[in-house]
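From a predicted model like this one, the values you see are computed outputs, not experimental measurements. Counting from 1, the numbers follow the sequence of the chain as shown.
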Amino acid sequence: MEFSAVIGLVAEYNPFHRGHARQLAKARKQLGPAPVIAVMSGSLTQRGQLPLWDKWQRTRLALLGGVDLVLELPVTGSLQSAQGFASFGVETLAAAGLVTHLSFGCETEDPALLLSLSQETFAPDDWQKALADGSSYANAAASLAAARNPAYRGLFTGSNNLLALEYLKALHSHPEIRPLPIHREGQAYGESQLKRAPFPSASALRQEICTRGCTASFLEGLPAPLRPLCQAWYGDTGLPDTEKPLDFFLAAALEKASPSLLASWAQVSEGLEDRIWKHRRASSFAALVKACSTRRYPPSRLRRILWQLLLSSPELSFREAAAQPPSYLRVLGFTETGRQLLRAMKETARLPLLTALRKNTLAQAPTPAFRQQLELDLRAQNLYQLLTEGRITDKDYRMQPVREK
């Protein structure tokens, strides 16, 4: 079956909410009833946090919400900055060989200005000067861009704009994929206080369920078909308390580490490993992040680095594995239309297609990068299960792709 258009997007769906459903509806309104392929973070998110539910549960929500095929964004992509996250996501979508359009949300109502900014380049010396006062990457970029064109400064006020900018940059290497920006409405991306609005933010929904439970306000933020599932998953016991065991795991890992080990395993720079080492005996994961955070080093970056440490070992460095582009396409779930996409991908995909893992998959890895990235995905899922269930059952080997009609 041939597809005249295939929509691709990169997401976390933590959780899948009404704003995500709106994005799909808006994209299909422009292109017609096109199939959708989503590349979704698996066991850890770009904020350096555990998702509310595991990757198969969130895949089910995505399929019920209108996505046709869900591929896993390797943890070497999800635990990166906006630039790395976007690059890994776009490369994964491009490797499917079918995607014609990349849909993404943005706060700006002038996507042409965003596209113009994505084509600007700045010299290394200019970057060095902009960062010299301890500014974050985003603030330094805003200053450089505004000096080139004052209209650019307003684009740096929204988190979706910043990620959209990185998507547009990543698309420079893939002219076969056209950008399909969707203006974002509702709560701001990072707002943590849930408000009565048609499209609440994922941050606010997470804050609501984590602090007040699976309330009516939380459920109202989700598409109606998804509400019974989320209620059932929350159940009588609620969400597991993962903070204490995570604190213990991190403390043990840091006792065996060193600044040089941090530098070789995690994506640190500018001596950040020394700062982490200085505060390594902070009382908790959260306390260590707070102690090390500055204008230059936001909490999300610190959290990602600490997870990179937890996933690494002497024979497997996160930093080394993340330096390579995606090495496979891991299928998490599909609809009947998604099945047709997979059938087409047997001819078009430029990377190995993984629909099920076997015990010899790692041993027969075609490249070192394939083995490293898959091993890190397995470790991330095992850590997720250990922290949320108190056990490891090798779910990556046991679970089949989620199927929905």
Next on the checklist: Under a 3.5 Å distance rule, please check whether Y167 uses its side chain to pair with a backbone N or O of L162 as donor and acceptor.
Outcome noted: no
Item to check | R275 to Y297, cation-pi by 6.0 Å centre distance and 45° axis angle | outcome: no
Next on the checklist: For L354, is there any backbone N or O sitting under 3.5 Å from a side-chain donor or acceptor partner on R330?
Outcome noted: no
Checklist entry - Any luck finding a side-chain donor-acceptor pair between E208 and T215 under 3.5 Å? => result yes
Item to check | Residue pair C106 / L114, side-chain heavy-atom distance below 4.5 Å | outcome: yes
Checklist entry - For K405 and E336, what are the C-alpha separation, side-chain angles and deciding distance, and is it a salt bridge (charged side-chain N to carboxylate O under 4.0 Å, His left out)? => result CA-CA 6 Å; K405 294 181 180 179; E336 184 54 42; over 6 Å; no
Item to check | Sidechain-backbone polar pair: R304 side chain, S78 backbone, donor-acceptor under 3.5 Å | outcome: no
Checklist entry - Would you call Q308 and R319 a side-chain contact if the rule is heavy atoms closer than 4.5 Å? => result no
Checklist entry - Are D68 and R28 within salt-bridge range, i.e. N to O under 4.0 Å? => result yes
Item to check | Side-chain donor-acceptor contact under 3.5 Å, S103 with Q23 | outcome: yes
Next on the checklist: Pairing donors with acceptors under 3.5 angstrom, does anything connect the side chains of D133 and S135?
Outcome noted: yes
Item to check | Row check, W277 ring normal vs R280 NZ/CZ: under 6.0 Å, within 45° | outcome: yes
Checklist entry - Side chain of D247, backbone of F285: donor and acceptor closer than 3.5 Å? => result yes
Checklist entry - S43 and Q381: side-chain donor and acceptor closer than 3.5 Å? => result yes
Checklist entry - Does G48 offer a backbone N or O that forms a donor-acceptor pair with the side chain of W307 under 3.5 Å? => result yes
Checklist entry - Cut-off 3.5 Å, side chains only: do S284 and E243 have a donor facing an acceptor? => result no
Item to check | Heavy-atom side-chain contact between F199 and H17 under 4.5 Å | outcome: no
Checklist entry - Is any side-chain heavy atom of E120 closer than 4.5 Å to a side-chain heavy atom of Y152? => result yes
Checklist entry - In terms of side-chain heavy atoms, does E91 have a donor or acceptor partner in H174 at a distance below 3.5 Å? => result yes
Checklist entry - Is there side-chain contact between S313 and R379, with heavy atoms separated by less than 4.5 Å? => result yes
Next on the checklist: Is it the case that atom CZ in R148 sees more than 12 heavy atoms from other parts of the structure closer than 6.0 Å?
Outcome noted: yes
Item to check | Pair listing, side-chain hydrogen bond (donor to acceptor under 3.5 Å, both in side chains) test, anchored in residues 361-374, at least two apart | outcome: E320-Q372, S327-Q373
Item to check | Side-chain (N14) to main-chain (P51) donor-acceptor, under 3.5 angstrom | outcome: no
Checklist entry - When you measure from the side chain of T59 to the backbone N and O of K55, does any donor-acceptor pair fall under 3.5 Å? => result yes
Next on the checklist: Checking T108 against N161: is there a side-chain donor and acceptor pair closer than 3.5 Å?
Outcome noted: no
Checklist entry - Among all residues two or more places apart in sequence or in another chain, which pass the salt bridge (charged side-chain N to carboxylate O under 4.0 Å, His left out) test with E347? => result none
Next on the checklist: Is it the case that over 12 heavy atoms from other parts of the model lie below 6.0 angstrom from the CZ atom of R350?
Outcome noted: yes
Item to check | Flag for Y13-S41: side-chain donor and acceptor within less than 3.5 Å | outcome: no
Checklist entry - Is it true that R18 and E220 make a salt bridge, defined as a side-chain N closer than 4.0 Å to a carboxylate O? => result no
Next on the checklist: Do R301 and S293 pair up side chain to side chain, a donor and an acceptor below 3.5 Å, judged on atom types alone?
Outcome noted: no
Item to check | Check: Q46 main-chain N/O paired with E12 side-chain donor or acceptor under 3.5 Å | outcome: yes
Checklist entry - Under 4.5 Å between any side-chain heavy atoms of I305 and I276, yes or no? => result yes
Next on the checklist: Between F249 and L386, is there a side-chain heavy-atom distance shorter than 4.5 Å?
Outcome noted: yes
Checklist entry - Is the backbone of V6 close enough, under 3.5 Å, to the side chain of T100 for a donor and an acceptor to pair up by distance? => result yes
Next on the checklist: Quick check on R358: does its CZ atom have over 12 non-hydrogen neighbours (other residues, nucleotides or ligands) under 6.0 Å away?
Outcome noted: no
Checklist entry - Does a side-chain heavy-atom distance below 4.5 Å link D377 with Y328? => result yes
Checklist entry - Is there a donor in the side chain of S81 and an acceptor in the side chain of Q83, or the other way round, less than 3.5 Å apart? => result no
